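Everything numeric in this text was worked out from a predicted model, so none of it was measured.
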Amino acid sequence: MRLCFYFFEASVKILFICLANVCRSYMAQEILKNLSEKNNRTDIEAFSRGTFVDPELKVPKKINNFLLKNGITPASHIPTQYSRKDLETSDLILVMERYQYEEITDRYSEFTDKIYLLNEYISNDKKDVPDPIGLEGAAFEKVASVLMNNIKMLYDKLQNG
């Protein structure tokens with residue numbers, strides 16, 4: 001995968017994608033929105049989607065509790081499948097796992113130039129963002145905290161252009 005850093009002069013629309021859109025991508029969306037709001041940044045728009053979504057799923061309580069514990073009021077959320085329109089209208093698309101990158105770029109190769117593995121985009125680390133959905137207690141907190149730190153690194157990168 002190529003590594004290219006976008007520098008945005010105006011507003012930027014960032015799409016986070018994970019599997020079911022109830023954990024990682026949703027948390028990333030909420031964390032980035034919170035950072036932007038706290039810093040009066042109206043030029044950053046964050047939203048999330050999934051690659052295999054059941055709209056009947058609910059965001060697990062532990063996800064909302066983690067956000068609340070970190071000073072973020074969770075928004076109401078309905079898991080949503082990503083679409084071509086989502087890809088077209090996004091400036092930057094960040095996926096959590098390599099297979100998601102491959103699936104989306106195989107299907108929509110015309111958007112390859114704006115789709116990145118989150119870790120690779122922020123730090124040139126080619127590792128997937130682990131899914132904490134099946135974890136509990138300290139193991140969940142550790143993985144969720146790594147995601148939070150990754151989104152803070154992304155925000156800093158956006159700030160510093």
Gap separating the [atom1] atom of [X] from the [atom2] atom of [Y], nearest 0.5 angstrom:
X    : Y    : atom1 : atom2 : answer
N34  : Y155 : CG    : OH    : 10.0 Å
I122 : K152 : CD1   : NZ    : 12.5 Å
I93  : Y116 : CD1   : OH    : 10.0 Å
N150 : L32  : CG    : CG    : 12.5 Å
L158 : L92  : CG    : CG    : 7.5 Å

Whether [X] side chain and [Y] backbone form a donor-acceptor pair below 3.5 Å:
X    : Y    : result
T73  : G71  : no
T112 : S109 : yes
Q100 : E97  : yes
Q29  : F16  : no
K33  : I44  : no
D91  : K13  : yes
N70  : I72  : no
R49  : D86  : no
K58  : V22  : no
N39  : L35  : yes

Please determine whether a side-chain nitrogen of the Lys or Arg among K69 and E141 lies less than 4.0 Å from a carboxylate oxygen of the Asp or Glu.
yes
Looking at R84 and E110, is any side-chain nitrogen of the basic one under 4.0 Å from a carboxylate oxygen of the acidic one?
yes
Let me see the working for M96 and D131 under side-chain contact (heavy atoms from CB on, under 4.5 Å), right down to the final yes or no.
CA-CA 8 Å; M96 302 297 157; D131 192 347; over 6 Å; no
Can you confirm whether [X] sits close enough to [Y] that some side-chain heavy atom of one is under 4.5 Å from a side-chain heavy atom of the other?
X    : Y    : result
Y101 : I115 : yes
I17  : S25  : no
D43  : V12  : no
F47  : T80  : no
I104 : L87  : yes
K127 : R98  : no

Just checking [X]: does its [atom1] atom have more than 12 heavy atoms from other residues, nucleotides or ligands closer to it than 6.0 angstrom?
X   : atom1 : value
F52 : CZ    : no
L68 : CG    : yes
E88 : CD    : yes

If the plane angle is over 60° it's perpendicular, under 30° parallel, otherwise tilted; pick one for F66 and F140.
perpendicular
Does L19 belong to the same Ile/Leu/Val/Met/Phe/Trp/Tyr cluster as V59, with side-chain heavy atoms less than 4.5 Å apart forming each link?
no
ILVMFWY cluster, V53 and Y108 together (side-chain gap under 4.5 Å)
no
Output, in order, the C-alpha distance, side-chain angles, deciding distance and verdict of side-chain contact (heavy atoms from CB on, under 4.5 Å) for L94 and I14.
CA-CA 7 Å; L94 299 170; I14 300 173; 4.1 Å; yes
Which heavy atom of [X] sits nearest a heavy atom of [Y], and at what distance?
X   : Y    : result
A28 : L147 : N-CD2, 4.3 Å
I63 : C23  : CD1-SG, 3.3 Å
R24 : P132 : CG-CD, 3.8 Å
A75 : E30  : N-OE1, 3.3 Å

Apply side-chain contact (heavy atoms from CB on, under 4.5 Å) to residues N64 and Y26 and explain how you reach the verdict.
CA-CA 10 Å; N64 287 329; Y26 167 70; 3.5 Å; yes
Between N119 and D128, do the side chains contain an N or O donor and an N or O acceptor separated by less than 3.5 Å?
no
Testing the 3.5 Å rule here: is there a donor-acceptor pair between the side chains of S48 and N21?
yes
Starting from the C-alpha separation in whole Å, work towards a yes-or-no answer on side-chain contact (heavy atoms from CB on, under 4.5 Å) for E120 and N124.
CA-CA 4 Å; E120 192 168 24; N124 204 20; 4.2 Å; yes
